[in-house]
Number of protein chains: 4
Amino acid sequence: MGAVKTKRMPRAVREQQMLDAAVRIFGRRGYRAASMDEIAELAGVSKPLVYLYLNSKDDLFSACIRREAAALTAAVRAGARLGLPADRQLWEGLRAFFTHTARHPDGWAVLHLQARTHGEPFAAETAAMRTEIVTFVQQLIAEAARAAACAGEAEGGPGRLPEHEAAGLAEALVGAAESLAAWANTTPGVTARQAATTLMNFAWAGLGNLMEGRPWTPPAPGA
Amino acid sequence: MGAVKTKRMPRAVREQQMLDAAVRIFGRRGYRAASMDEIAELAGVSKPLVYLYLNSKDDLFSACIRREAAALTAAVRAGARLGLPADRQLWEGLRAFFTHTARHPDGWAVLHLQARTHGEPFAAETAAMRTEIVTFVQQLIAEAARAAACAGEAEGGPGRLPEHEAAGLAEALVGAAESLAAWANTTPGVTARQAATTLMNFAWAGLGNLMEGRPWTPPAPGA
Amino acid sequence: MGAVKTKRMPRAVREQQMLDAAVRIFGRRGYRAASMDEIAELAGVSKPLVYLYLNSKDDLFSACIRREAAALTAAVRAGARLGLPADRQLWEGLRAFFTHTARHPDGWAVLHLQARTHGEPFAAETAAMRTEIVTFVQQLIAEAARAAACAGEAEGGPGRLPEHEAAGLAEALVGAAESLAAWANTTPGVTARQAATTLMNFAWAGLGNLMEGRPWTPPAPGA
Amino acid sequence: MGAVKTKRMPRAVREQQMLDAAVRIFGRRGYRAASMDEIAELAGVSKPLVYLYLNSKDDLFSACIRREAAALTAAVRAGARLGLPADRQLWEGLRAFFTHTARHPDGWAVLHLQARTHGEPFAAETAAMRTEIVTFVQQLIAEAARAAACAGEAEGGPGRLPEHEAAGLAEALVGAAESLAAWANTTPGVTARQAATTLMNFAWAGLGNLMEGRPWTPPAPGA
DNA sequence: GATGAATGAGCTTTCATTCAT
DNA sequence: GATGAATGAAAGCTCATTCAT
């Protein structure tokens with residue numbers, strides 16, 4: 001089941017193999033229930049080598065968190081390219097998010113489930129990443145509000161969206177995304193694109209609008 | 001810190017004390033890091049008694065999950081009384097949810113964090129409760145859609161909301177609620193009522209409507 | 001080889017059994033080479049019980065040192081009864097010392113060899129005991145010097161013995177005793193009494209006097 | 001802190017660097033607590049090279065013991081030149097001993113503390129060296145006794161010193177010297193010369209004589 | 001000659017769990 | 001009903017030692 005047992009690899013390669021194995025085990029069992037023995041075996045190396053390269057179980061877990069957090073944020077940022085209009089950025093970011101979490105379920109489990117349930121140094125590391133994303137979303141929301149305000153100025157439109165309010169909305173949107181990621185990954189036949197559409201409908205149009213027959217429509221695939 | 005050491009209590013009471021202690025320890029440390037020693041000490045009883053009453057660590061954890069899940073669903077159902085209009089039911093249910101999670105943070109941690117990170121029998125138990133709530137929310141959404149459909153029939157309004165769509169929306173709404181619960185519990189000055197308002201705005205009106213200056217307004221407190 | 005496996009003993013008894021075993025193993029192997037497995041087996045208990053009662057390897061080693069140091073100092077003090085003349089006190093103290101170390105070779109090894117080679121907290125504990133004994137000997141020497149000074153006053157005898165000088169002499173005497181203890185325990189046919197006589201001759205009369213035919217004579221056995 | 005990393009040195013030099021490092025680490029940590037990693041690092045070479053040159057940890061430790069024992073006995077023998085009268089030989093030998101141990105504390109620690117606390121093959125190696133020194137001292141004592149016997153023959157002086165007695169006295173003297181070495185190395189302001197004087201007073205004149213005002217006086221420095 | 005890569009074996013420590021009273 | 005006494009099993013970590021280059 002483990003990696004093919006190839007002898008004598010350069011350190012950098014072995015380290016990645018170890019991290020791959022660790023993410024898988026940590027993601028499925030949790031920090032405490034994961035055993036270094038199992039991780040080493042899955043990585044196809046002996047336990048002392050894991051310690052030689054990664055120092056300790058704590059450090060190994062930390063390294064997993066950092067690697068997966070970096071990969072996820074990179075994926076989202078690559079999706080939500082600057083310069084697009086706010087709703088389009090949000091849409092692309094969500095698609096990237098659902099795609100990435102679907103492809104790396106163990107990494108996502110490490111970040112979303114395991115790191116938060118373990119003690120402080122680790123919870124803080126994921127929290128930092130999450131805060132980064134929430135802030136990003138909050139800015140998108142604020143930007144969209146500003147745009148709407150300009151457009152509606154002539155006809156006495158809305159004022160600015162207070163910052164505190166935007167923070168709560170961003171929290172809600174990110175939480176909904178996290179929840180839909182799990183839903184999409186466990187419900188057969190739900191793609192990343194569909195999950196993103198559902199969430200955009202929910203967030204951009206709102207339930208009320210949906211029911212009145214004005215759902216939000218995703219942009220054409222190749223646009 | 002532990003319960004006062006009182007001798008000779010009826011079994012039911014002792015069991016509740018043990019569950020109280022267990023929920024607290026499990027909620028804060030996680031399943032694996034929680035030790036039966038610590039739980040027994042906090043409950044003010046000897047370890048063999050814990051085993052006599054609750055069989056094993058697994059059974060004890062299960063009992064915690066069941067008790068806390070029952071308490072949470074009871075609180076939500078009591079809030080969202082049948083007979084109210086759908087949006088009102090949702091509003092009351094959310095308020096009850098935020099209030100309950102704020103008052104029982106350890107129980108909520110057991111359900112939302114710890115049970116899911118531990119292996120299958122336990123994740124399934126919380127998942128069942130969560131599904132129950134998601135289904136309830138889905139029904140509310142569908143009902144509201146039906147109502148909107150009737151009202152709008154004259155003017156060529158929307159058709160029915162497809163079930164699959166409603167499921168995703170419910171998932172998103174519950175996820176947003178879970179996220180806001182953590183946010184409200186860690187952000188000073190955010191009450192259950194405010195969290196519920198934020199979410200209702202997000203869900204019912206949608207970001208788009210918000211930006212056009214038509215936020216959703218909660219009903220008057222005593223209504 | 002280990003203690004007879006008797007089940008269910010009161011804690012105090014078990015603790016002594018564990019200390020007995022630990023002194024033996026630590027004395028023969030040294031701190032690092034001694035394994036908790038071996039100690040537990042020799043004590044006739046399981047390893048977790050050793051940890052339950054004695055906490056850690058360090059604490060166990062400490063407990064050994066304290067117990068053996070107390071036993072040795074008690075034995076010496078019981079021998080060198082106050083009120084006797086200084087040379088007599090020294091003689092009795094030495095006899096007690098050689099007797100005790102011969103009867104408890106492992107305990108003596110823990111104090112004299114093992115505790116000193118291990119890190120600071122432990123070396124300090126034995127050092128304290130040794131200092132106590134050196135100081136005691138130093139006082140005896142000083143007292144004897146005072147007595148000699150009084151007796152020799154008429155004929156222009158010696159002045160007082162400077163304290164610094166007395167300290168070095170006491171160090172030398174104690175070192176000689178430690179060395180002779182090992183010698184007596186490994187040389188067949190050398191008793192504690194003979195070791196004490198040799199040292200008294202060395203110390204009290206000096207090599208020069210010995211060679212001039214005036215050896216120091218031990219008091220009659222029953223005196 | 002380690003040796004400067006110079007490439008391509010002749011084998012003999014590299015070996016001495018390794019032994020230097022090993023003596024330092026073994027002397028301070030003890031055999032078991034010393035790690036081959038630390039020794040190799042301090043010696044400025046890679047671990048496999050240590051094994052190539054010195055075979056195993058046991059062999060390395062043995063080599064340390066042999067080198068340090070040889071150095072110490074050489075120093076003592078160089079001090080106590082043959083041809084001098086016995087008391088003068090003893091005095092010079094002691095001075096050399098105290099000087100050498102003060103200059104090579106780690107080497108002395110290996111011989112006096114660490115080798116004896118580790119298992120049999122090593123204890124025997126130091127014991128051999130020690131026996132050599134004890135025998136040498138014993139011969140000095142016997143020689144002095146013979147001289148005294150000749151001088152005192154006219155006046156009905158002492159008979160010969162029995163061999164068994166001389167062995168005990170030599171043991172005592174060496175033990176006293178070992179003890180004073182530690183004392184001199186830890187007590188500020190005590191030189192090798194002073195330690196030797198104290199011991200000569202103790203051994204040659206005896207406490208009794210000292211107290212009667214006839215201390216032994218060291219020969220003039222340059223004599 | 002010299003080293004980066006790798007491991008088998010063993011250590012201390014902890015924990016869920018069970019008797020015997 | 002309640003507990004002090006006791007343990008099997010496993011986990012994290014380290015170390016002396018060896019290949020393959």
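Values in this document were obtained by computation on a predicted structure and should not be read as measured data. Heavy atoms only: backbone and side chains are in, while hydrogens, waters and symmetry mates are out. Chain letters run A, B, ... following the sequence lines, proteins first, then strands; residues in each count from 1.
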query = Would A:Arg67 and A:Asp20 pass as an ion pair if we require N to O under 4.0 Å?
reply = yes
In whole Å, what is the span from the [atom1] atom of [X] to the [atom2] atom of [N]?
X: A:Tyr53; N: E:dG4; atom1: OH; atom2: P; result: 11 Å
X: B:Glu38; N: E:dA16; atom1: CD; atom2: P; result: 10 Å
X: A:Leu54; N: F:dG12; atom1: CG; atom2: P; result: 14 Å
X: B:Ile39; N: E:dT14; atom1: CD1; atom2: P; result: 18 Å
X: B:Glu41; N: E:dA16; atom1: CD; atom2: P; result: 14 Å
X: A:Phe26; N: F:dA11; atom1: CZ; atom2: C1'; result: 13 Å
X: B:Met18; N: F:dG1; atom1: CE; atom2: P; result: 11 Å
X: C:Ile25; N: E:dC11; atom1: CD1; atom2: P; result: 12 Å

ask   = Could you spell out the base pairing of DNA chain F in dot-bracket, with Watson-Crick or G-U pairs whose two distances are under 3.5 Å, [ ] crossing and | to another strand?
value = .||||||||||||||||||||
key: side-chain hydrogen bond (donor to acceptor under 3.5 Å, both in side chains): pairs with one or both residues in residues 113-124 of chain A, sequence neighbours excluded   = A:His112-A:Arg116
remark   = Closest heavy-atom pair, D:Arg14 versus D:Tyr53, reported as atoms and distance to 0.1 Å, is CB-CE2, 3.6 Å
key: Heavy-atom pair of closest approach, residues C:Ser46 and C:Ala40   = C-CB, 4.0 Å
inquiry  = The criterion is side chain to side chain contact (heavy atoms under 4.5 Å, CB included); which residues satisfy it with D:Ala21, sequence neighbours excluded?
reply    = D:Ile39, D:Leu42, D:Ala43
task = Mind jotting down which residue pairs meet the salt bridge (Lys or Arg N to Asp or Glu O under 4.0 Å) criterion with at least one end in residues 30-40 of chain A? Sequence neighbours excluded, please.
result = A:Arg29-A:Glu38, A:Asp37-A:Lys47
Considering only heavy atoms from C-beta outward, does the side chain of [X] approach that of [Y] to under 4.5 Å?
X: D:Ile25; Y: D:Met36; value: no
X: C:Phe26; Y: C:Leu60; value: yes
X: B:Leu111; Y: B:Thr126; value: yes
X: A:Glu68; Y: A:Met129; value: no

key: CA sep, side-chain torsions, deciding dist, call: A:His104, A:Leu72, side chain to side chain contact (heavy atoms under 4.5 Å, CB included)   = CA-CA 9 Å; A:His104 305 91; A:Leu72 176 55; over 6 Å; no
Residue closer to the 5' end of DNA chain F, C:Arg11 versus B:Leu52 (nearest nucleotide) = B:Leu52
side-chain N/O C:Arg14 vs F:dA6 OP1/OP2, d < 4.0 Å = yes
request  = Using a 4.0 Å heavy-atom cut-off, write out nucleotides 15-21 of chain F from 5' to 3' as B (base contacted by protein), S (sugar-phosphate only) or - (no contact).
outcome  = BSBBBS-
key: Nucleic acid contacts of residues 118-126 of chain D, taken as heavy-atom distances under 4.0 Å to DNA chain E   = none
